[in-house]
Amino acid sequence: MNEKNSTLLIYTLLYFGFLYVPVLFLPIFSFNDANYMSFPLAGFTTEHYEEMWSKRNLHKALWASIKVGVVASVVSTTIALFAAKAFARYKFRGKKISYGAIMMPFLIPEIILAVAILVIWVNLGFKLGLVPVTIGHTLFCTPFAMLILIARIEGFDFSLEEASRDLGENAWGTFFRVSFPLYLPGIVAALLLSFIISFDEFILAFFLTGSDATLPMYMWGQMRFVQKLPHVLALGAVIIVFTTFIVLLAFWLRNVGQGKEKKDIAIKL
């Protein structure tokens, strides 16, 4: 290994260490038999996890986050799919402006987006709750989903669609029989990543939830009480494991099987 590669390796290790080593302490302290995060550990216990699952308010907040995450991920991925296909496949007037408009929630601070939705929603006379949170999460997740899908669609051989149309298939049949199977790993990856972003999002939920708490809002509320910190740490450890698995799965699906799927579609045609 030359000097340049060694320097890059050291930099990479320091970078990931700075990002993730503090996070790794969370699962460790979740097993600590004390109300405080300190070394040495007072003892080993799993009671915090048992206490965590016994909280009814946690179950309600978890279900709220799942509902918001599912709706936001499905809607944002659907929007992103058609937008990504248009940007990757066609040239049209206003393409750059349209791309910038879709990417805008990704670029502006979340708090600005949250305040904007809050002002509009309240002035329209609607109550705060999960609906405005879902709208906000959809806006916020769409750029992430579109980036994944554009990367998937840009490697697509559009001559397969042309061949399908030449053989007599209509536009929708071509989409579902030719395009969709090739897009599917990217679509699933976009769905998973959008769901995780929505599931973990705090700022939009903080401004828009009202009395319907999502899981991050529940955790925020519990952090005010020292005696409730241990079960919050346990919940955080579970979320870390869950989100890490989903994100790794999403990035694996993003590029899986492109060459094999194209060959299968070509054989069918």
Side-chain angles (χ1 to χ4, degrees), residues 55 57-87 92 94-151 186-224 232 235-236 239-240 242-243 246-247 250:
K55 302 290 185 179
N57 288 338
L58 186 150
H59 298 162
K60 183 178 178 181
L62 176 61
W63 178 237
S65 287
I66 291 174
K67 288 191 294 184
V68 171
V70 169
V71 175
S73 61
V74 170
V75 175
S76 62
T77 301
T78 302
I79 296 171
L81 174 61
F82 292 106
K85 183 174 176 60
F87 288 125
F92 53 90
K95 181 176 180 179
K96 292 183 179 179
I97 296 177
S98 301
Y99 184 85
I102 294 177
M103 297 301 293
M104 189 62 68
F106 177 71
L107 301 175
I108 64 176
E110 282 186 70
I111 190 170
I112 301 300
L113 181 61
V115 171
I117 297 174
L118 175 65
V119 171
I120 294 172
W121 194 258
V122 172
N123 283 333
L124 288 174
F126 298 129
K127 294 182 179 180
L128 297 178
L130 297 183
V131 174
V133 174
T134 305
I135 294 172
H137 285 189
T138 300
L139 293 173
F140 189 66
C141 292
T142 298
F144 292 93
M146 195 173 76
L147 288 175
I148 293 176
L149 289 168
I150 284 179
I187 293 172
V188 176
L191 281 169
L192 292 175
L193 188 60
S194 298
F195 177 81
I196 289 301
I197 292 172
S198 173
F199 189 81
D200 293 338
E201 202 283 325
F202 173 76
I203 296 178
L204 289 168
F206 181 80
F207 279 86
L208 302 172
T209 49
S211 60
D212 299 319
T214 59
L215 195 60
M217 288 298 302
Y218 169 81
M219 295 178 68
W220 170 257
Q222 297 299 297
M223 290 290 290
R224 294 177 297 174
V232 174
L235 178 59
I239 292 175
I240 288 173
F242 172 71
T243 54
I246 295 298
V247 169

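Quantities reported herein were computed from a predicted structural model and do not represent experimental measurements. In this chain, numbering begins with 1 at the start of the sequence shown. As a basis for the values below, the full set of heavy atoms in this structure was taken, side chains included, without hydrogen atoms, waters or symmetry mates.
The number of heavy atoms from other shown groups lying within 6.0 Å of CD1 (I108) is above 12. Heavy atoms from other residues, nucleotides or ligands lying under 6.0 Å from CG of L124 number more than 12.
Residue L191 forms a side-chain contact (heavy atoms from CB on, under 4.5 Å) with just one option from T78, I148, V74, and that option is V74.
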Give the table of side-chain donor-acceptor pairs shorter than 3.5 Å for residues 129-137, with sequence neighbours excluded, one pair per line with atom names and distance.
unit_1, atom_1, unit_2, atom_2, d
T134, OG1, L130, O, 2.7
H137, ND1, S198, OG, 2.7
H137, NE2, E201, OE1, 2.9

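For the residue pair F206 and M217, the shortest heavy atom distance occurs at CA-SD, 3.4 Å. S76 and A72 get closest at one heavy-atom pair: OG-O, 2.7 Å. G69 and F195 make their closest contact through C-CD1, 3.4 Å (heavy atoms, listed as atom of the first residue, atom of the second, distance). Nearest heavy-atom pair across S194 and A145 is OG-CB, 3.7 Å. Heavy atoms only, all atoms of each residue included: L149 and A84 are closest at CB-CB, 3.8 Å.
No side-chain heavy atom of L113 sits under 4.5 Å from any side-chain heavy atom of I203. You'll find the side chain of F199 stays beyond 4.5 Å of the side chain of I246, heavy atoms only. Between F144 and I197 there is a side-chain heavy-atom pair separated by less than 4.5 Å.
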task = Start with the C-alpha distance between H59 and W63, add both sets of side-chain angles, then the distance that settles side-chain contact (heavy atoms from CB on, under 4.5 Å), and finish with yes or no.
result = CA-CA 6 Å; H59 298 162; W63 178 237; over 6 Å; no
query = Can you check side-chain contact (heavy atoms from CB on, under 4.5 Å) on T209 and L128, steps first, answer last?
reply = CA-CA 6 Å; T209 49; L128 297 178; over 6 Å; no
task = Output, in order, the C-alpha distance, side-chain angles, deciding distance and verdict of side-chain contact (heavy atoms from CB on, under 4.5 Å) for L139 and L204.
result = CA-CA 11 Å; L139 293 173; L204 289 168; over 6 Å; no
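Atom CD1 of residue I240 and atom CG of residue L235 lie 10.0 Å apart, to the nearest 0.5 angstrom. With rounding to the nearest 0.5 angstrom, the CG atom of L81 is 12.0 Å from the OG1 atom of T142. Between atom OH of residue Y218 and atom NZ of residue K60 there is a gap of 12.5 Å, rounded to the nearest 0.5 Å. Atom CZ of residue F207 and atom CD1 of residue I117 lie 11.0 Å apart, to the nearest 0.5 angstrom.
Under the rule for a side chain to side chain contact (heavy atoms under 4.5 Å, CB included), the partners of D200 that lie at least two apart in sequence or sit in another chain are I196, I239, T243.
S65 places a side-chain N or O within 3.5 Å of a backbone atom of L215 that can act as its donor or acceptor partner.
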